[in-house]
Amino acid sequence: LERRLERASTHWMKFGNTCYSFVTSRKNWSDSKQFCESRGGQLPIISSEEEQIFLSSFPNSIWLGVTDEEQEGVWKLVDGTNATTFYWRRGQPDNAGQKENCAQISKWFNGLNNWNDLPCSIKLFFICEKILK
Ligand SMILES: [Ca+2]
Ligand SMILES: [Ca+2]
């Protein structure tokens, strides 16, 4: 039953060479990351404008696989490499309160540049991605 429930809760949809699954429960950043990894995926790493637009089309704010928790201001991807593509909103990342170390796509911001940094402890909906080999 456990296995059946797990399978039922993950619906993958294909976009480009990647499958995405929208998770309809809110989790903090590290629990979200762990959830995606337990299903053979990862938090989204945005590598093109098309992907940024696609992931911005969901009705909720979502976590991205980008964090500067290790070293303030140095944004790393969940695959361990340094992030090189960003869609920060103007004025972000602002590390508000000196404690914003995880990146989200924020539904409060319009347009292509809609990323915000926020505390990793906040619970958000999220999307897992699985890159097809
Ligand atoms: Ca930060
Ligand atoms: Ca911020």
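Start at 1 and go down the list; that is how both ligands and their atoms are numbered. This one's a predicted model, so the numbers in the text were calculated from it and none came from an experiment.
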Can the ring centres of Y20 and F54 be said to be less than 6.0 Å apart? yes
Report whether any nitrogen, oxygen or sulfur of E72 sits less than 3.0 Å from the Ca ion (ligand 1) (N, O or S, backbone or side chain). yes
Here's one to test your reading of the geometry: is the NZ or CZ of K130 within 45 degrees of the ring axis of W12 and under 6.0 Å from its centre? yes
Are W88 and W75 close enough that their ring centers fall under 6.0 Å? yes
F126: which of F35, W29, F22 passes ring-ring contact (aromatic ring centres under 6.0 Å, His included): F35
Cluster partners of F109, using ILVMFWY side-chain heavy atoms under 4.5 angstrom, listed by chain and number? W108
Is the distance between the ring centroids of F58 and F125 less than 6.0 Å? no
Leaving waters out, which protein N, O or S atoms fall under 3.0 Å from the Ca ion (ligand 2)? Q92 OE1, D94 OD1, E100 OE1, N116 OD1, D117 O, D117 OD1
